[in-house]
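Structure, as C-alpha cells:
Only a predicted model underlies this, so the values are computations on that prediction, with no experimental measurement involved. All heavy atoms count here, side chains included; hydrogens, waters and symmetry mates do not. A, B, ... follow the sequence lines: proteins, then strands. Residue 1 opens every chain.
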Amino acid sequence: MTTLKIKLPEIFNYQECLSFLHRGFDDCLHQINKNTIIKALNIENNISLVSITYNQGILQVSLLWGDSSPNHQALIKSYINRWFDLQTDLKAFYDMGARDPILKPLIDKYWGLRLIGIEDLFEALSWAIIGQQINLGFAYKTKRALVEKYGKYVDYNGVPYYLFPTPEIISNCTVDALKKLQFSRNKATYIIALAQSFIQGVISKEQLLASGKGNSEEVVSQLTKLKGIGTWTANYAMMKCLKIPSAFPIQDVGLHNALKQQLDLDQKPSTDKILELSQGWKNWESYATVYLWRSLV
DNA sequence: CGCCAGGCTTAGG
DNA sequence: CCTAAGCATGGC
C-alpha cells in the first residue's frame, strides 16, 4: 500500500484537529477510529480513499483505494495540506492573540488547532445553506440524508465512504425530492439553483479565488448575488473553502454564544460590540472564529 | 406550547 | 443603505 508522509509546521496539534472533526456530531464525510481518519476524496474527478494518522511529527497518509500514480500522490498531498491549512504560519496569529484578552486563553488551551477546511466550494456553500437557522445536530442529519441518497461512495471492507454529491446530480433533483429529506422548500430551491450555477459556470472556486485576490468584499458581493447566500453563508465559505483570513461570519449564533461565554455576558453581544472586540483581529478573523467555535465544545 | 437553532428574502422606508 | 416581518424545519 502506498503511504505518503506530510511534514507538519511547528505549530500543530493533531489531537486538537481530531477534536474538531470528532466534536460530537455525526459527520458522514469522514470517519474516525481512535487516532485514524478515513476519508474519501474527489480530486479533479479522481476518487480515492485515504487514511490519515499522526506519527512523530508527520502525517502519514495511506492510500487505501484509488490512483497511486506519482502525479495523483502529489495531488493528495496538496489536498491534505489545504484541508488542514498547513501552509498558514500561525505564529503571527499567536503573537497577536497573546495581547488579546479573548484569544489568549483560547490559544493556550487549544494550541495547535488549525482551520479544517471544506475544499469543494459546492459542498461548502451547500453545507452552509443546510445549516442556516437550524441546530447543528439536525443540520448534520439533513446532510447525511442528502449524501446517502445522492453521493457516490467508495466501498472498503464492506463500509461505504461517501463523497458529497456533485452539482450534476443535485441540479437534477426536484424540490419535493429534497423536501422528503427534511429540507425546507426554500433551502431545496437554493441548493438546486446553486448546483445549476456551478454547471453553467456562473460560479467556481477558481474564479472567486482569482477575483478575490486582496479583495474579500468583491467575493462577498459575487456570492451574495446567488439566492440563499447571504453574508453569513458567504463568509463561512470564504473561511472554510477559499481560506480568506479576514473572512468573518459575524452574524453567527455560535460565535455570539462563544463570546457571551468567554466574556461572561448576560446576553449575546451586539454586532457593534463584536466589531469593537475584534478590532485587533485584522486578517485573523477567521482563525479567531475557529478558536471561539472550539470553545463551545 | 414556547424558544432556540452555525439566516435569508422581501417589503417598506 | 437600514429595519422589520415573514418564512421553513426540527430539537428540546
Side-chain angles (χ1 to χ4, degrees), chain A residues 19-29 106 110 113 115-118 121 123-147 149 164 173-195 197 203 217 219-244 247-262 265-275 277-278 285-297:
Chain A
S19 79
F20 169 79
L21 290 168
H22 208 56
R23 60 192 171 134
F25 294 110
D26 177 33
D27 196 325
C28 56
L29 296 178
L106 300 177
Y110 310 124
L113 171 64
L115 195 174
I116 310 295
I118 300 175
L121 183 60
E123 177 188 336
L125 289 169
S126 300
W127 169 232
I129 289 170
I130 290 171
Q132 288 167 6
Q133 190 62 16
I134 61 176
N135 68 74
L136 270 182
F138 178 53
Y140 276 102
K141 183 183 165 194
T142 310
K143 178 170 95 165
R144 177 178 284 279
L146 183 77
V147 167
K149 184 155 179 68
F164 196 80
C173 288
T174 62
V175 170
D176 284 338
L178 296 187
K179 281 197 71 177
K180 287 186 184 139
L181 309 179
Q182 294 181 285
F183 278 68
S184 68
R185 174 163 297 280
N186 281 342
K187 288 187 183 180
T189 309
Y190 297 153
I191 288 188
I192 293 167
L194 177 66
S197 297
I203 176 177
E217 286 180 14
V219 179
V220 173
S221 115
Q222 294 210 31
L223 283 172
T224 53
K225 279 178 189 154
L226 302 171
K227 295 287 182 205
I229 299 181
T231 52
W232 176 84
T233 305
N235 276 275
Y236 180 87
M238 287 160 63
M239 180 179 162
K240 297 282 282 186
C241 183
L242 305 179
K243 314 291 172 67
I244 295 174
F248 194 24
I250 198 164
Q251 306 93 329
D252 185 79
V253 176
L255 180 71
H256 299 172
N257 285 327
L259 285 168
K260 174 173 181 281
Q261 208 173 82
Q262 291 304 310
L265 305 174
D266 294 330
Q267 304 175 19
K268 287 185 275 194
S270 65
T271 302
D272 284 346
K273 181 70 177 169
I274 298 173
L275 284 172
L277 295 169
S278 61
E285 288 89 343
S286 84
Y287 259 95
T289 303
V290 168
Y291 276 67
L292 280 160
W293 280 347
R294 173 69 178 86
S295 74
L296 292 171
V297 182

Neighbour count >12 (heavy atoms, 6.0 Å) for atom CZ, A:R185: no
So, is A:K187 close to the C:dC7 phosphate, meaning a side-chain N or O under 4.0 Å from OP1 or OP2? no
Between A:N186 and A:N135, which has a closest nucleotide on DNA chain C that is more 5'? A:N186
Would you say A:Q251 reaches B:dG7's phosphate, i.e. side-chain N/O to OP1/OP2 under 4.0 Å? no
note: A:I129, atom CD1; B:dT9, atom C1'; distance rounded to Å ~ 13 Å
Rounded to whole Å, the OH-C1' distance (A:Y140 to C:dT9) equals 18 Å
Map A:F20 and A:G228 onto DNA chain B by nearest heavy atom, then report which one ends up closer to the 5' terminus. A:F20
Categorize A:L226 for me: base, sugar-phosphate, or nothing, with a 4.0 angstrom heavy-atom threshold over every strand shown. sugar-phosphate
How many Å lie between CG on A:L255 and P on B:dG7, as a whole number? 11 Å
So what does A:T233 hit on the nucleic acid, given a heavy-atom distance under 4.0 Å: a base, only sugar-phosphate, or nothing? sugar-phosphate
Please state whether the phosphate of B:dC4, meaning OP1 or OP2, lies under 4.0 angstrom from any side-chain nitrogen or oxygen of A:K268. no
Please give, in whole Å, the distance from B:dA5 C1' to A:F183 CZ? 16 Å
Taking OP1 and OP2 of C:dC7, is either one under 4.0 Å from a side-chain nitrogen or oxygen of A:S184? no
NA contact type, A:Q133, heavy-atom cut-off 4.0 Å: base, sugar-phosphate, or nothing? base
What contact category does A:G131 fall into here, base, sugar-phosphate, or nothing, at under 4.0 angstrom with non-hydrogen atoms? sugar-phosphate
Can you tell me the distance, in whole Å, between the NE2 atom of A:H256 and the P atom of B:dC3? 20 Å
Taking the side chain of A:I134 as its heavy atoms from C-beta onward, which of B:dC8, B:dT9, C:dT9 lies nearest to it? C:dT9
Given the C1' atoms of C:dT3 and B:dA5, what is the spacing between them in whole Å? 22 Å
Applying ring-ring contact (aromatic ring centres under 6.0 Å, His included) between A:W127 and each of A:F25, A:Y140, A:F164, report the one that passes. A:Y140
Rounded to whole angstroms, how far apart are CZ on A:R185 and P on C:dC7? 14 Å
So does A:M238 get a backbone contact from the side chain of A:K243, meaning a donor-acceptor N/O pair under 3.5 Å? no
Please report, rounded to the nearest Å, how far the P atom of C:dT9 is from the CG atom of A:D176. 11 Å
Is the backbone of A:G228 close enough, under 3.5 Å, to the side chain of A:Q132 for a donor and an acceptor to pair up by distance? yes
Are any side-chain N or O atoms of A:Y287 and backbone N or O atoms of A:L115, one a donor and one an acceptor, separated by less than 3.5 Å? yes
Hey, what's the ring geometry for A:W232 with A:Y236, parallel, tilted or perpendicular (30° and 60° as the breaks)? parallel
side-chain N/O A:K179 vs C:dA8 OP1/OP2, d < 4.0 Å: no
Nucleotide of B:dG7, B:dT9, C:dG10 approaching A:F138 most closely (side-chain heavy atoms): C:dG10
Could you tell me the separation between the NZ atom of A:K141 and the P atom of C:dC12, rounded to a whole number of Å? 10 Å
